[in-house]
Amino acid sequence: MSDKINKSSNAAVSPVRESTRRRTAGKITISAVFSALILIFSGCTTRYAQSNIYPYCDKAYQECTVNLKNYKSPQQRIEQDANLALTIAISGGGFRASNFSAGALAGLEELNAPLAAQGNCLSQADYFSTVSGGGFTAAAYISSLYDYMQFTGSADGYSFAKVLQNTAENQKPANTCCLSNIPLQNYSTDPCIKRHLQGFYPDDIKHLISDIICWFLHDTRKGGKFEQIIDDTFLGCRFRKLKLQSLNLQNGKTSLTLGDIFIRLGDSNEIRLPYWVPNATAYENGAIFSFSPDHLKLYDITEYKHRNKRYPYDCQKQNYENFLYNVPLAVAVMASANFPGATYPTTLGSKMDPKNPYLHLFDGGMADNLAVITAVRLLENEQQKVQRKVLLVIDAYQGTFAPFSKIRYPPPLANTALRATAISLDSWRGRYREIISTICEGKDIKVVFLSFDDLADMESCRPLVEFGLTENEILQLTKKSKLTRPFDLLRKIPTVKTGDKGLLTTAEQNLLIAAGRYVIYEKREQILDALGWSAKTD
């Protein structure tokens, strides 16, 4: 009888116990999986206990910036307006950003200065501050200006818009070079710059994949091909080599360095280029790391890697200042564009903290995707007394606008973790205009924002025909996507394409460039007013 009762009792409670057991087992399983994921993805600790060594000794860490006291003022460039300090900040956003901002620079070139001798708005730019894809544009502009002056003797006749027109479309480029069979004697600048801005070459994509594999395998002997690609294409190294060969010159300079941009105070060399600061993000604390010789000195940088070769500072053979000024620009641009998980990080050696002798750098957009913080600091620290300080912000933002969701239930765990990597960019974008405007007002800086937002009310692409987009390209863009508004079409273009051989289509590229030119045209009066120039242009 008692056995029956016990059996009956066990039968009655077993479903409850079984449910509880399952819930407990489920919780344990979830916890175990979550813990395993943390262990897998966290790896080992990346630094020893924090020391008291900072850029400013014996003080809590403060983010540092470029110290312009070390250099000649860019106002000393030939035919510069000494009463105007102009900085152009260019946002990240891969090839979408680089082509939109290239169009904007071409548009600024069409805004003429009051005095003919002073050229145009673009030629009056004193500083560039860039992150990620925006650095590709600055690289294309500055390297082409450098080459033009090197091979013609002056900047007279240089036009960035013409540089973008040299597409060499009739050539059949090899996998890694658009310069094949082009008679370079006829060119003073790389004729393939527009093609470079369209996307990576097929062999380059293979190298980037190889980089990721090397990174995953912790193979530090290889990798870093991204830096070589940047040097060869956007910064013109490959063109320079072939051009010098065509002129039978064997010892000319091919890779541009920080010393080509920043001219030391007291140096006899004249300033030929605007000062350009590519910005990266420090892995350990998220600080903005601005590439300039003085900033590298502040962090006691003693080693970098260029074209897969290490360059350590040797105090027995080198002057430290010369070591810093010889750091290639490609190292800076790569560090600024290193998107986490997609490209190999840039690592610099440092002697500042003996316990932690390395500085790992990633995409500058992680700290400030608009490059405006450094841009404001440059204008604030301008050494020469000027009547006007102007900041132009070129923004190719594509992110989320509204806070609403289409799902009722909480977002999945994986989605939430992924969203956390980008939410700070969207959050900053939602308030940056108010913040930067307030900061600039307090520092007497005139600021003009130039972005996709300026095309939000345009119903069709027809107005862009005047700025280089063709009717046939409009048909291609609208038929394929079934969208008609430029604002929607622009936001649909990814930062880097994985299909179509990794290239933006010609129609997409021309849409971005035309949009950049159009935005400058629409805001020309605001820009000219900020510059203190007459609203009349040719």
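- A donor-acceptor contact shorter than 3.5 Å links the side chain of Thr438 to the backbone of Glu434.
- Side-chain contact check for Asp190 and His196: at least one donor-acceptor pair (N or O, by modelled atom type) lies under 3.5 Å.
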*Stepwise, does the salt bridge (Lys or Arg N to Asp or Glu O under 4.0 Å) test hold for Arg377 with Glu63?*
CA-CA 11 Å; Arg377 288 169 174 168; Glu63 193 171 75; 2.9 Å; yes
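- We find that Lys389 and Asp444 are not joined by a salt bridge, their nearest charged nitrogen and carboxylate oxygen being 4.0 Å or further apart.
- With hydrogens and angles left out, the side-chain atoms of Asn279 and Thr374 include a donor and acceptor closer than 3.5 Å.
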*asked:* Show, in sequence, the C-alpha distance, side-chain angles and deciding distance for His360 and Glu284, and conclude whether the side-chain hydrogen bond (donor to acceptor under 3.5 Å, both in side chains) test is met.
replied: CA-CA 8 Å; His360 302 294; Glu284 294 293 349; 5.6 Å; no
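- Checking Tyr71 against Asp294 by side-chain atom types alone, a donor-acceptor pair falls below 3.5 Å.
- A donor-acceptor contact closer than 3.5 angstrom links the side chains of Ser132 and Asp363.
- Using a distance-only test at 3.5 Å, with no hydrogens or angles considered, a donor-acceptor pair links the side chain of Ser144 to the main chain of Ala140.
- Under the 30°/60° scheme for interplanar angles, the aromatic rings of Tyr283 and Phe362 are found to be tilted.
- Taking the six-membered ring where the residue is Trp, Phe289 and Phe291 present perpendicular rings, their angle passing 60° and hence far from 30°.
- A donor-acceptor pair is defined here as one N or O able to donate and one able to accept, closer than 3.5 Å; no such pair exists between the side chain of Ser73 and the backbone of Gln76.
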*Show the numbers, then the answer: is there a salt bridge (Lys or Arg N to Asp or Glu O under 4.0 Å) between Asp81 and Arg388?*
CA-CA 10 Å; Asp81 184 348; Arg388 285 180 178 266; over 6 Å; no
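- Looking only at atom types and distance, the side chain of Ser255 has a donor-acceptor partner in the side chain of Asp231 under 3.5 Å away.
- Between Thr87 and Val390, every side-chain heavy-atom pair lies at or beyond the 4.5 Å cut-off.
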_Would Tyr397 and Asp426 count as a side-chain hydrogen bond (donor to acceptor under 3.5 Å, both in side chains) here? Give the steps._
CA-CA 9 Å; Tyr397 175 79; Asp426 291 330; 2.7 Å; yes
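- Ring planes of Phe95 and Phe234: tilted class, angle from 30 to 60°.
- Side-chain N or O atoms of Ser129 include none that pairs as donor or acceptor with a backbone N or O of Val372 at under 3.5 Å.
- Shown are Leu68, Asn67, Val66; of these, the side-chain contact (heavy atoms from CB on, under 4.5 Å) with Asn70 is made only by Asn67.
- For Glu109 (side chain) and Phe160 (main-chain N/O), a donor-acceptor pair under 3.5 Å exists by modelled atom type.
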*Run the side-chain hydrogen bond (donor to acceptor under 3.5 Å, both in side chains) check on Gln228 and Asn308 step by step: do they pass?*
CA-CA 8 Å; Gln228 183 174 324; Asn308 210 29; over 6 Å; no
